[in-house]
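For ligands, and for the atoms within them, numbers begin at 1 and follow the listed sequence.
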Amino acid sequence: MSENQNLFALLESRFAEAGEQIAIEDDNRKITVSYADLLERSGQYANALVSLGVAPGDRVTVQTDKSLESVFLYLATLRAGAVYQPLNTAYMGAEVEYFISDAEPKVVVCRPQDEEQFAALTKDRDTGVVTLGNDGTGSLAALAQTQDTAFATARRAGDDLAGLLYTSGTTGRSKGAMLTHDNLTSNAVTLHRYWGFVPGDVLLHALPVFHVHGLFVALNIAFLNMSRIIWHDRFDVARVIADLPRASVLMGVPTFYVRMLGQADFGREQCAGMRLFIAGSAPLLAETHSQFAERTGHRILERYGMTETGMITSNPYDGERIAGTVGYALPGIHVRIADDDGNEVPRGEVGVIEVKGPNVFAGYWRMPEKTAEEFRQDGYFITGDMAQMADDGRITISGRSKDLIISGGFNVYPKEIELVLDEYDAIGESAVIGVPHPDFGEGVIAVVTPGTSDAFDEAAICGDLAGRMAKFKVPKRIFMADALPRNAMGKVQKAELRAQYQDSFKGP
Ligand code: MLC
Ligand code: AMP
């Protein structure tokens, strides 16, 4: 019989080898768990999922705070052969409702305080609701405690689904990116090697675990390496700096590095034992890269990736890390810079990044047409990121062909916000754009025209929006204008607006 291709089967072999070594250290709750514990606890959670009716291929939707138990649940879902579907904790009612109706999970795991809301959302479905608190409480945690620790890891083929992560890709409605066991395994194994992980590496983990970066990149690599993970439930700059001397690797979005540089007492001393600082999910300003090098002696290693593809390119570990570039295609991954028809453009010219390899997802959940639109005939996936490739293959991202804003590493789709803004009587039309923001890289703003009512109140509208959608999506400013700039075809000229409003977040 062929080998089990379940990612957990690979992790399990490492967990067994690591035994009593510490896997995760949660100083907040003053608890550590060993690799042997991870095996047992994931076994209990997997048995709990099965007792709730979860079978291989079923989706398990998870909107919980970051906790050790959320890691047990992630591992257990893989182990049971089910499909992990994490949700940003900032998402609210209507946002969440869509994901549930689309993913049709067998079980939803939510925070105890959200149980009623989820029960209402799932009442006409064959979906169970259980809870997980951030301190080991909740009905799922209680159920898991009563379960056997042994669990035979479900057999999975490499192309079976392991994760379903929602993203709007290029435009329009949120789509579930189907990630297979092969996708996750190949990327983790490649990155583990490429970034020179060694026994004894300690990962400082301060990212959320509902996106690719904190979930698959950080956790899967650390587990493969049998590393100790210092676990922070959120990014708190003072705590991160205080724990750096005990760590050797940090992975973060650019905002992490900007905030660290904002601390006067941060410098070489705390970074002396660090081996590697990695940045990604959004562009790292060259200025941040050089200031960090000056202050700490470390050159941040910038890499580039996407939900649909995991990591695609990386600056080299041993070679030159050049600020403002995202490095080279990772081993085994093919990248080309193409024109609108998918033809490779000459080196040095700007085009769209297209990618093919074992890391590339299996398509969008129940959307064959959308999937077909985003792939070329020869299997390359069209990322929507604009870049140029140097003669030696090094890639520099220059922008996006997709209408996407990335704020502090979170994606915001202008269309989604514009549709809501247009509902207000005081607003005629709206354009949502991203402009430079000193902390978040890009800050979301809206430019609107007068509507039928003249009672436009910026603060009131922002406050109202905050009750309707994830906070990070809410425009930090709404500017009233007489009209929106349009081209001859009537399309709003967002580049013009971005230029006009580029100083919105500049200090005095
Ligand atoms: C929080 N706020 C944000 C925000 N995060 N607003 C815009 N953009 C963000 N990213 C809001 C809060 O709700 C709050 O609103 C106010 O801004 C200030 O909050 P804060 O306390 O300063 O923010 P904080 O909680 O510290 O969060 C900032 C952050 C966090 C950068 C630490 O956003 C974060 O962890 N980002 C990481 C995202 C990530 O993991 N991306 C990976 C995607 S995977 P108010 O009104 O209450 O004051 C991917 C693929 C790849 O992209 O390549 O990796
Ligand atoms: P997501 O949909 O959350 O996976 O976001 C993926 C997008 O983040 C990519 O398509 C890029 O636009 C952006 N991104 C990720 N890493 C980088 C990087 N290092 N530099 C610039 N953009 C990046």
Check whether any side-chain N or O of [X] sits under 3.5 Å from a backbone N or O of [Y] as a donor-acceptor pair, and report yes or no.
| X | Y | value |
| --- | --- | --- |
| Arg347 | Ala390 | yes |
| Asn183 | Thr180 | yes |
| Tyr380 | Ala338 | no |

Could you list the atoms of ligand 1 found under 4.0 angstrom from a heavy atom of [X]?
| X | value |
| --- | --- |
| Phe472 | 3 (C), 4 (C), 6 (N), 7 (C), 8 (N), 9 (C) |
| Phe235 | 32 (C) |
| Thr255 | 31 (C) |
| Leu207 | 40 (O) |
| Gly305 | 53 (O) |

Worksheet item: Backbone, side chain, both or neither: what part of Ala279 comes under 4.0 angstrom of ligand 2, heavy atoms only?
Response: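 The answer is neither.
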How far is [atom] from its nearest protein heavy atom, and which residue and atom name does that atom have?
| atom | answer |
| --- | --- |
| atom 53 (O) of ligand 1 | Arg303 NH1, 2.9 Å |
| atom 1 (C) of ligand 1 | Phe440 CZ, 4.2 Å |
| atom 47 (O) of ligand 1 | Lys471 NZ, 3.0 Å |
| atom 26 (O) of ligand 1 | Arg259 NH1, 2.7 Å |
| atom 10 (N) of ligand 1 | Ser407 O, 2.8 Å |
| atom 49 (C) of ligand 1 | Ser281 OG, 3.7 Å |
| atom 37 (C) of ligand 1 | Gly408 O, 3.4 Å |
| atom 33 (O) of ligand 1 | Phe410 CE1, 3.3 Å |

Discussion item. Is the ring pair Phe266/Phe292 parallel, tilted or perpendicular, if the boundaries are 30 and 60 degrees?
Written reply: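 It falls in the tilted class, 30° to 60°.
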Worksheet item: side-chain hydrogen bond (donor to acceptor under 3.5 Å, both in side chains) with Tyr364: which of Glu308, Lys175, Glu369?
Response: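 Testing each of Glu308, Lys175, Glu369 against Tyr364, the sole residue satisfying side-chain hydrogen bond (donor to acceptor under 3.5 Å, both in side chains) is Glu308.
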If the contact criterion is a heavy-atom separation under 4.0 Å, does [X] count as touching ligand 2?
| X | value |
| --- | --- |
| His211 | no |
| Arg303 | yes |
| Ile406 | yes |
| Asp385 | yes |

Practice prompt. Might you work through the salt bridge (charged side-chain N to carboxylate O under 4.0 Å, His left out) test for Lys506 and Asp503, ending with a clear yes or no?
Written response: CA-CA 5 Å; Lys506 274 240 175 91; Asp503 292 337; 3.1 Å; yes
Item to complete: Return yes or no for this condition: an N or O of Tyr413 is under 3.5 Å from an N or O of ligand 2.
Response: no
Fill in: Centroid separation Phe99 to Tyr91 less than 6.0 Å
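Between Phe99 and Tyr91, the centre distance is under 6.0 Å.
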Worksheet item: Between Glu442, Met306, Arg234, Lys476, which one has a non-hydrogen atom sitting closest to atom 6 (N) of ligand 1?
Response: Lys476
Worksheet item: Given Gly409, Pro283, Pro254, Gly441, which one has a non-hydrogen atom that is nearest to atom 21 (C) of ligand 2?
Response: Pro283
Worksheet item: Are there protein heavy-atom neighbours of atom 14 (C) of ligand 1 below 4.0 Å?
Response: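 Looking at atom 14 (C) of ligand 1, one finds that no protein heavy atom lies closer than 4.0 Å.
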